[in-house]
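Read the numbers this way: they start at 1 and go in the same order the structure lists the ligands and their atoms. Residues: numbered from 1 along the sequence shown.
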Amino acid sequence: MKYLFDNWKSYLDYKETLALATTLALTPPQNDRLTVAIFPFTPAVSEVIKISEGTPLHLGAQDIEAVSKGAYTGAVSAQVFQELGCTYALVGHSERRQLFSETPEIVRDKFLAALDSGIIPVLCIGETKEIREIGTQVTYLKDQLKETLAGVVLDESKPFIVAYEPVWAIGTGEACDDQEAAAMQAIIKQELTLYTAAEVPVLYGGSVSEKNVVSYVSHDTIDGVLVGKASTEAISMMGIIRLLEQIV
Ligand code: PGA
């Protein structure tokens, strides 16, 4: 199984979001060895779920809050996304960590909230340019996994996914070389065996496009891709799907 996760971030307005979802729902992925999920912004989730009904598309939340019912103004819990029909939630995306000051503790709480609500968290990790230049990225990634996973009981009944997204490659057009990404992901997969006996899919994210997507998913250690910008235009989004359908 390979995965294509489309993170539409805040690139589209409401109407554009529904239009793109409709385009996708009209010619949905046909290959059951490819799991495709879209992550629209929160206000569009329920409508996009309606649009994709009857197709093999999955839905995901771009962000969740680690709260239950109560006085938490503005928060949308993992439980609500589950109720709406989301399968996945991104947790710890670097934009959340950097722009919205999400600490490792917050990321861990969100990860646990997703698991508790029956949502599959997609834990995003990745080193910055500075860390890569110093050469301590492997330790950094291992620490990011530890901050979230240490002490959590993880078995097959609580599946999760990891997305390796080097921060320097996100939204920059400077994608990580596929050999380098595959090697980093081999290390991540090995490290994950410390926390769970279950098979954890590891995706690559960071400037994935029609030009390079095949090179990533051709590696055994790359179970799929998390695509931002290139998934927000119908032509490139559909192009990526069709390319992946041919090779999975
Ligand atoms: P990008 O974003 O494809 O625009 O680099 C990837 C991501 O942030 O998941």
Side-chain angles (χ1 to χ4, degrees), residues 2-13 16-17 20 24 35-42 44-45 48 57-64 86-102 107 110-111 114 119-129 131-132 137 140-141 144 148 160-178 180-182 184-185 188 200-217 219 222-241 243-244:
K2 295 279 184 181
Y3 298 83
L4 169 63
F5 285 2
D6 288 343
N7 174 12
W8 292 348
K9 308 191 183 188
S10 296
Y11 279 116
L12 307 168
D13 66 23
E16 289 164 344
T17 299
L20 192 59
L24 186 51
T35 296
V36 179
I38 44 181
F39 294 71
F41 56 12
T42 299
V45 165
V48 172
L57 294 168
H58 293 269
L59 261 286
Q62 289 185 12
D63 184 36
I64 54 165
C86 285
T87 310
Y88 305 101
L90 301 182
V91 170
H93 190 282
S94 66
E95 284 153 17
R96 300 293 317 169
R97 294 182 195 255
Q98 290 188 333
L99 305 174
F100 300 95
S101 310
E102 280 191 10
V107 173
K110 291 186 174 190
F111 182 84
I119 294 240
I120 300 173
V122 182
L123 174 64
C124 303
I125 60 171
E127 79 284 359
T128 59
K129 196 179 175 123
I131 289 167
R132 184 166 179 253
Q137 59 272 43
Y140 185 82
L141 295 172
Q144 280 194 315
T148 304
F160 67 101
I161 291 175
V162 170
Y164 169 53
E165 298 207 292
V167 178
W168 49 269
I170 295 179
T172 56
E174 195 192 324
C176 184
D177 173 73
D178 65 286
E180 184 181 338
M184 292 301 277
Q185 299 202 185
I188 292 168
V200 180
V202 181
L203 317 185
Y204 168 77
S207 296
V208 175
S209 67
E210 281 177 279
K211 287 200 188 107
N212 59 24
V213 67
V214 171
S215 72
Y216 293 114
V217 293
H219 291 274
I222 302 184
D223 298 298
V225 284
L226 179 51
V227 186
K229 184 85 175 94
S231 72
T232 63
E233 281 154 25
I235 291 175
S236 57
M237 176 188 69
M238 298 309 296
I240 290 171
I241 292 176
L243 282 169
L244 291 181

Taken to the nearest 0.5 Å, the spacing of Leu123 CG from Ile161 CD1 works out to 11.0 Å

In Å and rounded to the nearest 0.5 Å, what is the CG to OG1 distance from Asp223 to Thr35? 11.0 Å

List the protein residues in contact with ligand 1, where contact means a heavy-atom separation under 4.0 angstrom. Asn7, Lys9, His93, Glu165, Ala169, Ile170, Gly171, Gly206, Ser207, Leu226, Val227, Gly228, Lys229

Minimum-distance pair of heavy atoms, taken over all atoms of Gln62 and Leu90: O-CB, 3.5 Å

Any idea how Phe39 and Phe5 line up, ring-wise: parallel (<30°), tilted (30 to 60°), or perpendicular (>60°)? tilted

Flag for His93-Asp63: side-chain donor and acceptor within less than 3.5 Å: no

Contacts of type side chain to side chain donor-acceptor pair (under 3.5 Å), residue Gln98, not counting sequence neighbours: none

